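Owing to the predicted nature of the structure, the values given are computational and were not obtained by experimental measurement. Numbers restart at 1 for each chain; the letters A, B, ... are given by sequence-line order, proteins then strands.
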There are 2 protein chains.
Amino acid sequence: MELSERKQKILKAVVDDYITFAEPVGSTHIAKNHHPELSSATIRNELADLEELGYLVKTHTSSGRVPSELGYRTYVDSLMKKYMVSMEEVARLKAEMEHKIKELDYYIKEVLNIAAGSTNLTAIATSPDFSGGTLKKIELMMLDSFNILLILVTETDTVKSRPIKLKSPVDFDFIADLKSVLNTQLAGLTLDKITKQNFEVITEQLGGNYEAVANILEFVYSTINEMNENEIYLSGETNLLGLPEFKDVAKAKKFLELIHDEKKIREILKNNSKGNVLNVVIGNEQDNEDLDQLSLVVTTYKISENVTGVMGVIGPNRMDYSKVISSLEYLSENINTLALKAPENDNNEVNKNG
Amino acid sequence: MELSERKQKILKAVVDDYITFAEPVGSTHIAKNHHPELSSATIRNELADLEELGYLVKTHTSSGRVPSELGYRTYVDSLMKKYMVSMEEVARLKAEMEHKIKELDYYIKEVLNIAAGSTNLTAIATSPDFSGGTLKKIELMMLDSFNILLILVTETDTVKSRPIKLKSPVDFDFIADLKSVLNTQLAGLTLDKITKQNFEVITEQLGGNYEAVANILEFVYSTINEMNENEIYLSGETNLLGLPEFKDVAKAKKFLELIHDEKKIREILKNNSKGNVLNVVIGNEQDNEDLDQLSLVVTTYKISENVTGVMGVIGPNRMDYSKVISSLEYLSENINTLALKAPENDNNEVNKNG
DNA sequence: TGTTAGCACTCTTTTGTTTTGAGTGCTAAC
DNA sequence: GTTAGCACTCAAAACAAAAGAGTGCTAACA
């Protein structure tokens, strides 16, 4: 079902204008602003065709036209002008990014802020998923005889530490033993391969003090599991409230509740991210009630071969896809390069003989 | 300006009903539901008096009455029935609290969720302010020659750790030196007393490697400063959107933007918390534009003598003060006792000879 | 003197009606 | 194939009328 070039142009004009003005667009308007060489009557004929073909819909018999999901889809896939992040924007983004280099999660949040800020929509991301990464080593550091710090280090040198408070004192030898057994049993495994069973083996190996170590091992186990759970980050939660499609509080509430529902968001991101490729989901193409009237642009960022995360932008169907897509592409690209060479980042670098 | 007992009763009836129904309350309604022994005409006279005295206002000439800020104030200070957290609620709260004991910040978030859930309003808290607490010690742990873990331990055994990635390798002696100097210079000081000057002294003491350590020291300094900054936690962000006072999106948006504005929230909490005492701020009694039409119940929780945080609930003037106050009192009380004896908490406890 | 029935009056809310205007589809002419 | 012209449609705005909740005031009552 190839559209004539003129139909394509007119469809594009409708989508562009609807994205800009959020009002059904009529024949006269298109004639005036996009095709002065044509009369409104001609455009009217074309619009009627496009409607019949399913690219446009009317809100009532005598209204202007609004893009259907198919209309948006066609627009995104072949009509829209690829928006190039402009030089100034690149400069601004870079400046923002370079100024604020801290830890990975802080950095991801910062990137999200930029995404939300530059698109004026709501940006979402998961923290990186370490479950496919391997555990390099486990440290247990005694702060004093009542306080131990548990430290997990992954192959990507990501560190997770949690304090453990004890009821009765322990001594150095005990901790050294524990540490050595933990490392021989767990170091080198990928996080998702570490199960209760490993801990049973560990408990056995530690022999005598069976009861004593149960709690501490439980804690180690749950901390490892926490590295598997990825957090949800949000930015620009309230950005959409200014848009006409959210002038109804009930709708606004539904949206806000959706984005604060970690479980649903996790699922949505998971179901709609497509490996390395940026993906655009329009309306409820996916038959997900929650996404009714909402569109999603999702992409993946990469910390290492096995450690990746998902980030995206959510907004009304009527969003500036071009801008959103190019921003996300640019930002995820930058997380990838930055993260992969993080050890060389200028802020934390130290050289003993500097 | 003492009110007659009858006037007090009528004022209480108005506030109670307005809190419940969110509609201006009229004389007949009060007569029927609260004072069947009086006629609506009598009540009308009393209402007119209360209005003249400033306790009530009308929304238009022939409307029912709504409490003024003075009306709410009087209600909160002397009229309302103190709500007692019921046995079931106590049980529920306790169960929720006891089930989910993890780290302090996780715990505070959990308490906030309970506060927001039981009041159906928005709950806010700051993380504990450590600036008045003392730094017990500083650890630098080598994970490998390129990765160091910085660990700060406070007198309350709160631990903050941050990984440092190095560009070129360092050796054990260097780290040992650094650690020893850091500890002799900084351990024992309260966090807010640690300044750039201390770090100048440290750099001097380390002598030769002046340039080399600059970055790492900078990082230690900024991490210490981060312990001074307290985070803002939120729960129940969207709870208010169901209320009639937020049926206007613009208002809802303003509110949501306010609670996501960390700087403003920090300031509001700071300006309105009153040491140990629970404080109720009604409307913009404090002349803060942002709090227009909003009320705030704030209290303090205590981790140790010098380490405290602020938590509160924010909602429309028309809130169930009684319930909110008693919930907050109960919850902050519980953080206090729990935090102060945290080392004995059952979940993480371990005993070598258990 | 405090209370209350009664009534006129006010103002919002609801409901219904009319007008306006943007936009369409169709027809006939170019 | 394009376009001018016109009748028609429908939402939104503007206006009008009616309903209803509530007040204040007056005059009578206990």
Q: Name the residue closer to the 5' end of DNA chain C, choosing between B:A41 and A:S62 according to the nucleotide with the nearest heavy atom.
A: B:A41
Q. Which of parallel (below 30°), tilted (30 to 60°) and perpendicular (above 60°) describes A:H29 and A:F21?
A. perpendicular
Q. Does the pair B:R318/B:E245 count as a salt bridge with the N-to-O cut at 4.0 Å?
A. yes
Q. So does A:R44 reach the base of D:dG1 with its side chain, donor to acceptor, closer than 3.5 Å?
A. no
Q. How would you label the contact of A:E37 with the nucleic acid (heavy atoms, under 4.0 Å): base, sugar-phosphate, or nothing?
A. sugar-phosphate
Q) Under 3.5 Å, is there a donor-acceptor pair between the B:D17 and B:H34 side chains? A) yes
Q. Between A:S63 and C:dG23, is there a side-chain N or O to OP1/OP2 distance below 4.0 Å?
A. no
Q.
Mind checking if B:S27 touches a base, just sugar-phosphate, or nothing, with heavy atoms under 4.0 Å?
A. sugar-phosphate
Q) What is the distance from CG of A:L50 to P of C:dG25, rounded to the nearest Å? A) 12 Å
Q) Between A:K58 (NZ) and C:dA22 (P), how many Å, whole number? A) 18 Å
Q) In whole angstroms, how far is the P atom of C:dT24 from the CD1 atom of A:I10? A) 12 Å
Q | Test side-chain hydrogen bond (donor to acceptor under 3.5 Å, both in side chains) applied to B:E262 and B:H260, B:K264, B:R266, the passing residue | A | B:R266
Q) For the pair made of NE2 in B:H60 and P in D:dT23, what is the distance, rounded to whole Å? A) 10 Å
Q) Rounded to the nearest Å, what distance is computed from the CG atom of residue A:L56 to the C1' atom of nucleotide C:dG25? A) 16 Å
Q.
Taking A:K253 first and then A:E257, would you say they form a salt bridge - that is, a charged N and a carboxylate O separated by under 4.0 Å?
A. yes
Q | Atom pair distance, as rounded to whole Å: CG in B:L47 and C1' in D:dG22 | A | 11 Å
Q: Grab the CG-P distance between B:D49 and D:dT23 for me, whole Å please.
A: 13 Å
Q) For D:dA14, what is the paired nucleotide under Watson-Crick or G-U wobble rules, both distances under 3.5 Å? A) C:dT17
Q | Distance test, side-chain N/O of A:T42 to OP1/OP2 of D:dT3, below 4.0 Å | A | yes
Q. So, is B:R65 near the phosphate of D:dT23, with a side-chain N or O under 4.0 Å from OP1 or OP2?
A. yes
Q. Who is the Watson-Crick or G-U wobble partner of D:dA30, with both distances under 3.5 Å?
A. C:dT1
(Q) Whole angstroms only, please: what is the CG-P distance between A:N45 and D:dA4? (A) 13 Å
Q) Side chain of B:T61: nearest nucleotide among D:dC10, C:dC11, C:dG25? A) C:dC11
Q. C:dA29 pairs with which nucleotide, Watson-Crick or G-U wobble, both distances below 3.5 Å?
A. D:dT2
